[in-house]
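Let me begin by presenting the structure, written as structure tokens, before commenting on it.
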Amino acid sequence: MTDTDSSDDIPTAGISTSEEAADKAKKVSSELYDLIGIKGKASNTGAGVTECGGKDPEKYFQIFHPWTFTPASADQLDGVMERLKEELPKHGWKVVDYGPDTSKNKNLSLTADNDAKKYSVKIAHFSKDNPPNLNLMVVSGCYQVPDGEKVERF
């Protein structure tokens, strides 16, 4: 589901209104929050709607939900990415990419897909930030609005 340029590569997520799909994205994010497994604070960002590759933007859309997790204390993030790499597959996620990113800080990054839920997540550990945090981007597959409905953008 990740890093695709063609709508053919984006899995179909089913039929839904934008609002219902956004609620599902928040639920997926909440499950990921629980898997992080340490005390901290999640940013209160809402989900957004984007176009779905080259498909008709009046009928098809994807949901994205970016958020940040900041632990109660910085040292709590030690080893969290390794633990997530092990825990995510136990909950239906397939880790498709893991390792340092290309930034000068070489932030540890993990990408995982959940084929059953039709969602993908990219998690980056910004260990050099003050305070250190996890940055998450949850992205859905391609939804189609029900007949007679339009894609709501927010």
Side-chain angles (χ1 to χ4, degrees), residues 1-14 16 18-54 60-143 151-154:
M1 276 184 53
T2 53
D3 297 329
T4 57
D5 294 327
S6 164
S7 61
D8 295 340
D9 297 331
I10 303 170
T12 300
S16 178
S18 305
E19 200 64 49
E20 290 167 347
D23 287 345
K24 184 173 180 188
K26 290 175 192 169
K27 186 173 185 229
V28 169
S29 288
S30 180
E31 291 167 4
L32 291 165
Y33 177 91
D34 291 344
L35 285 176
I36 291 170
I38 54 179
K39 292 204 182 302
K41 186 174 193 269
S43 60
N44 189 16
T45 54
V49 177
T50 189
E51 292 183 9
C52 195
Y60 298 93
F61 65 96
Q62 281 183 281
I63 295 291
F64 63 95
H65 186 223
W67 56 283
T68 302
F69 175 84
T70 306
S73 67
D75 62 340
Q76 288 181 304
L77 286 181
D78 294 345
V80 74
M81 294 294 281
E82 293 80 4
R83 196 169 49 70
L84 283 169
K85 183 182 174 191
E86 290 179 20
E87 286 297 314
L88 284 167
K90 297 175 187 173
H91 297 271
W93 294 88
K94 178 183 175 191
V95 176
V96 293
D97 190 38
Y98 182 81
D101 66 15
T102 56
S103 72
K104 68 178 177 131
N105 288 339
K106 302 285 185 217
N107 300 309
L108 192 54
S109 176
L110 178 152
T111 304
D113 294 338
N114 189 315
D115 290 339
K117 293 182 189 292
K118 305 296 187 214
Y119 271 83
S120 180
V121 63
K122 182 168 187 172
I123 306 170
H125 178 193
F126 290 96
S127 60
K128 303 235 188 317
D129 281 10
N130 188 14
N133 62 74
L134 298 179
N135 191 308
L136 293 89
M137 175 61 86
V138 176
V139 181
S140 76
C142 192
Y143 284 103
V151 176
E152 293 175 62
R153 307 238 175 245
F154 46 83

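Everything numeric here is computed off the predicted structure, so don't read it as measured data.
- Arg83 contributes a side-chain N or O that, together with a main-chain N or O of Leu35, makes up a donor-acceptor pair within less than 3.5 Å.
- Annotation: Asn44, atom CG; neighbour count of heavy atoms from other residues, nucleotides and ligands within 6.0 Å does not exceed 12.
- Salt bridge annotation for Lys90-Glu87: present, with a cationic side-chain nitrogen under 4.0 angstrom from a carboxylate oxygen.
- Checking side-chain atoms of Asn107 against main-chain N and O of Ala124 turns up no donor-acceptor pair under 3.5 Å.
- Although no hydrogens or angles enter the test, the distance criterion places no donor-acceptor pair under 3.5 Å between the side chain of Ser140 and the main chain of Tyr119.
- Trp67 and Ser29 get closest at one heavy-atom pair: NE1-OG, 3.0 Å.
- The line from OG of Ser109 to CG of Asp101 is 6.0 Å long, rounded to the nearest 0.5 Å.
- At distances below 3.5 Å, not a single donor-acceptor pair connects side-chain atoms of Lys26 with backbone N or O atoms of Asp23.
- Using a 4.5 Å heavy-atom threshold, the side chains of Thr12 and Lys118 count as separate.
- To the nearest 0.5 Å, atoms CZ (Phe64) and OG (Ser120) are separated by 14.5 Å.
- Note: Glu19 CD to Glu152 CD = 6.0 Å, rounded to the nearest 0.5 Å.
- Interatomic distance, NZ of Lys39 versus OG1 of Thr70, reported as 15.5 Å (0.5 Å rounding).
- Applying the side-chain contact (heavy atoms from CB on, under 4.5 Å) criterion to Ala21, with sequence neighbours excluded, gives Ser16, Phe61, Ile63, Tyr143.
- Residues Glu82 and Leu108 have side chains in contact (heavy-atom distance under 4.5 Å, counting atoms from C-beta outward).
- Partner of Val28 under the side-chain contact (heavy atoms from CB on, under 4.5 Å) criterion, chosen from Val121, Asn114, Val138: Val138.
- Remark: the Ser103 side chain and the Asn105 side chain contain no N/O donor-acceptor pair separated by less than 3.5 Å.
- Taking NZ of Lys122 as the start and OG1 of Thr111 as the end, the distance is 5.0 Å to the nearest 0.5 Å.
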Exercise. Step by step, would you call Glu86 with Leu84 a side-chain contact (heavy atoms from CB on, under 4.5 Å)?
Worked result: CA-CA 5 Å; Glu86 290 179 20; Leu84 283 169; over 6 Å; no
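- In this structure, Lys24 contributes its side chain and Lys117 its backbone to a donor-acceptor pair below 3.5 Å.
- Shortest non-hydrogen contact noted between Ala22 and Ala47 is CB-CB, 3.9 Å.
- Between Ala25 and His65, the shortest heavy-atom distance links the atoms O-ND1, 4.2 Å.
- Looking only at side-chain heavy atoms (C-beta outward), Phe69 and Leu32 stay at 4.5 Å or farther from each other.
- In this structure, the side chains of Thr68 and Thr45 stay at 4.5 Å or more apart for every pair of heavy atoms.
- A 6.0 Å sphere centred on NZ of Lys106 holds more than 12 heavy atoms belonging to other residues, nucleotides or ligands.
- Of all the heavy atoms in Ile10 and Gly53, the pair that sits closest is CD1-N, 4.2 Å.
- Within the 4.5 Å cutoff, side-chain heavy atoms of Val80 are placed close to those of Ile36.
- In this structure a side-chain-to-backbone donor-acceptor pair under 3.5 Å is missing from Gln76 to Pro71.
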What donor-acceptor contacts under 3.5 angstrom involve side-chain atoms of residues 126-136, with partners at least two apart or in another chain?
from   : atom 1 : to     : atom 2 : distance (Å)
Asp129 : OD2    : Asn133 : ND2    : 3.4
Asn133 : ND2    : Pro131 : O      : 3.4

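- Checking side-chain atoms of Thr50 against main-chain N and O of Gln62 turns up no donor-acceptor pair under 3.5 Å.
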